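In this text the structure is predicted, and so the values were computed from the model without any measurement. All heavy atoms count here, side chains included; hydrogens, waters and symmetry mates do not.
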Protein chains: 2
Amino acid sequence: MSISKQAFDRHDHSACVVSALDAAELLCARHGARLTGRRRRVLELVWRSHQAVKAYDLLAQMAREDPSVKPPTVYRALDFLIAQGLVHRIESLNAFVGCVRPGQAHHEQFLICDDCGTVQEVEVPEVGRSLTKAATSAGFQADHQTIEVHGRCDTCCQPASRR
Amino acid sequence: MSISKQAFDRHDHSACVVSALDAAELLCARHGARLTGRRRRVLELVWRSHQAVKAYDLLAQMAREDPSVKPPTVYRALDFLIAQGLVHRIESLNAFVGCVRPGQAHHEQFLICDDCGTVQEVEVPEVGRSLTKAATSAGFQADHQTIEVHGRCDTCCQPASRR
DNA sequence: GGTCACTTGATATAATATTACACTTTTCCG
DNA sequence: CGGAAAAGTGTAATATTATATCAAGTGACC
Ligand SMILES: [Zn+2]
Ligand SMILES: [Zn+2]
Ligand SMILES: [Zn+2]
Ligand SMILES: [Zn+2]
């Protein structure tokens with residue numbers, strides 16, 4: 001964790017969005033990838049919160065603004081953003097979150113609160129290392145790790161009086 | 001890993017099926033759960049191979065035998081088997097595999113070959129421990145871990161000549 | 001035998017994701 | 001510049017995965 005949960009609960013989220021979009025512009029420029037209007041809008045909507053977003057929720061919001069937005073519109077943008085490392089897919093939710101470390105190599109590891117839906121991306125280096133090592137010793141060449149821990153976050157664990 | 005990959009490649013799979021079904025009978029008896037015909041058949045089909053099975057593939061096979069089998073039939077049986085710890089769901093594949101350690105508490109950890117589709121359930125205690133510890137120190141109460149490593153298995157990594 | 005909990009049958013529908021093809025925009029090269 | 005190639009998008013249809021609902025059957029238990 002880079003910040004405490006309490007700090008997180010009161011954080012200025014619009015700063016998250018701005019910095020995510022800025023980082024995306026930068027990263028795409030560096031990669032010669034095009035962050036088009038559609039893609040930028042999807043990324044923006046993904047960053048609306050720290051909860052995982054469903055593709056069809058994105059679709060619904062975007063279709064309200066422009067009826068020509070159809071499922072492929074959304075899925076293509078998501079595919080692009082995932083390929084650029086700007087968005088992660090949460091397999092156990094069929095949903096998507098913005099990456100908090102775009103451009104930095106990292107294993108994707110998530111703490112997912114089943115109460116409030118908050119997804120916190122973490123980096124526990126030991127976990128990735130142990131897994132890769134165990135895989136290797138089994139003759140398995142690891143390409144990608146899906147690590148998603150479900151449970152209850154700090155806030156949701158605390159009695160109401162302390163919130 | 002309890003057995004080597006080479007041994008695995010030549011193993012007597014019918015023994016896997018028999019032991020899985022026997023273990024299931026036992027476990028259900030112990031839990032006062034009913035391993036009905038439907039449920040038993042689904043478990044048997046899940047154990048047809050060490051690859052993850054899609055719900056609709058199960059459905060297709062079962063519907064051939066009995067047209068009254070519909071999606072809920074399969075999903076209900078899968079739900080039951082998962083609840084009993086006899087089957088695991090592979091989130092990143094939307095598919096299902098038989099559990100190799102039914103009845104023993106364990107974290108679910110899988111090595112999934114993207115070439116041949118084989119899913120190997122492993123237990124790397126350090127991974128579960130590190131994850132839980134990191135979660136706890138973030139104030140997160142971990143209930144369930146989804147750990148799925150994609151890549152290429154031993155066999156699929158080796159040059160054709162050595163197979 | 002009656003009742004209660006559990007299981008299944010049956011129909012419909014929801015939620016998630018992809019294919020295919022035509023068209024437009026951007027890039028890039030000469 | 002002009003025009004071909006590549007990348008992106010629009011559009012319609014369809015595939016895949018999963019659940020809701022209600023009625024009927026089954027077995028456990030007293
Ligand atoms: Zn934020
Ligand atoms: Zn929470
Ligand atoms: Zn086997
Ligand atoms: Zn393989």
Visitor: Kindly state which residues belonging to residues 59-83 of chain B come within less than 4.0 angstrom of DNA chain D, counting heavy atoms of the residue only, listed by number.
Guide: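 Heavy-atom cutoff 4.0 Å gives B:Pro71, B:Pro72, B:Tyr75, B:Arg76.
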Visitor: Any donor and acceptor pair, going by atom type alone, linking the side chain of A:Gln109 with main-chain N or O of A:Val124 inside 3.5 Å?
Guide: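 A pair under 3.5 Å: yes.
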Visitor: With the side chain counted from C-beta on, respond yes when A:Leu78 and A:Val46 share a heavy-atom pair under 4.5 Å apart, and no when they do not.
Guide: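 The answer is yes; the side chains approach within 4.5 Å.
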Visitor: Could you tell me how far apart A:Tyr56 (OH) and C:dT13 (P) are, to the nearest whole angstrom?
Guide: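 Atom-to-atom, A:Tyr56 to C:dT13, this comes out as 18 Å.
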Visitor: State plainly whether one hydrophobic cluster holds both A:Ile147 and B:Val127, where clusters connect Ile, Leu, Val, Met, Phe, Trp and Tyr through side-chain heavy atoms under 4.5 angstrom apart.
Guide: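 Per the 4.5 Å side-chain linkage, A:Ile147 and B:Val127 are co-clustered.
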Visitor: Could you check whether the rings of A:His150 and B:His144 sit parallel, tilted or perpendicular, using 30° and 60° as the cut-offs?
Guide: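 A:His150 and B:His144: tilted rings.
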Visitor: Between B:Leu86 and B:Val74, is there a shared hydrophobic cluster once you connect ILVMFWY residues whose side-chain heavy atoms come closer than 4.5 Å?
Guide: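 Yes.
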Visitor: Do B:Pro71 and B:Tyr56 have side chains that get closer than 4.5 Å, going by heavy atoms?
Guide: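 When only atoms from C-beta onward are counted, B:Tyr56 and B:Pro71 do touch, with a gap below 4.5 Å.
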Visitor: Output yes when B:Arg129 and B:Glu126 qualify as a salt bridge under the 4.0 Å nitrogen-oxygen rule, no when they do not.
Guide: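 Salt bridge between B:Arg129 and B:Glu126, a charged N being under 4.0 Å from a carboxylate O: no.
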Visitor: What is the distance from NZ of B:Lys54 to C1' of C:dT18, rounded to the nearest Å?
Guide: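 Atom NZ in B:Lys54 sits about 13 Å away from atom C1' in C:dT18.
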Visitor: Check every nucleotide of DNA chain D for an atom under 4.0 Å from a heavy-atom of chain A, then give the first and the last such nucleotide from 5' to 3'.
Guide: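 Boundary nucleotides touching chain A, in 5' to 3' order, are D:dG8 to D:dA12.
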Visitor: Locate the shortest heavy-atom distance separating B:Arg40 from B:Leu35; write the atom from each residue and the value.
Guide: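 Nearest heavy atoms, B:Arg40 then B:Leu35: N-CD1, 4.0 Å.
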Visitor: Could you pull out all residues at least two apart from A:Ser19 that satisfy side chain to side chain donor-acceptor pair (under 3.5 Å)?
Guide: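 With neighbours one apart ignored, the set is empty.
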Visitor: Enumerate the residues from residues 21-53 of chain A whose closest heavy atom to DNA chain C is under 4.0 Å, giving them by residue number; use none for an empty result.
Guide: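 Under 4.0 Å from DNA chain C: A:Arg34.
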Visitor: Give the minimum heavy-atom separation between A:Gly98 and A:Glu121, together with the two atoms involved.
Guide: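 Nearest pair, atom of A:Gly98 first, then A:Glu121: O-OE1, 4.2 Å.
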Visitor: How large an angle, rounded to 10°, do the end axes of the helix from C:dG1-D:dC30 to C:dG30-D:dC1 enclose when each is built from five base pairs?
Guide: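 For the helix from C:dG1-D:dC30 to C:dG30-D:dC1, the axes at either end differ by 30°.
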Visitor: Whether the side chain of B:Lys54 engages the backbone of B:Leu93 through a donor-acceptor N/O pair (distance < 3.5 Å, no angle test) should be reported.
Guide: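 Checked: pair present.
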Visitor: Can you find a side-chain donor-acceptor pair between B:Glu108 and B:His88 that sits under 3.5 Å?
Guide: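 Result is yes, a qualifying pair exists.
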Visitor: Just jot down the ring pair (Phe, Tyr, Trp, His ring centres under 6.0 Å) partners of B:His50, sequence neighbours excluded, or say none.
Guide: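 Checked B:His50 against ring pair (Phe, Tyr, Trp, His ring centres under 6.0 Å); matches are B:Phe8, B:His11, B:His13, B:Trp47.
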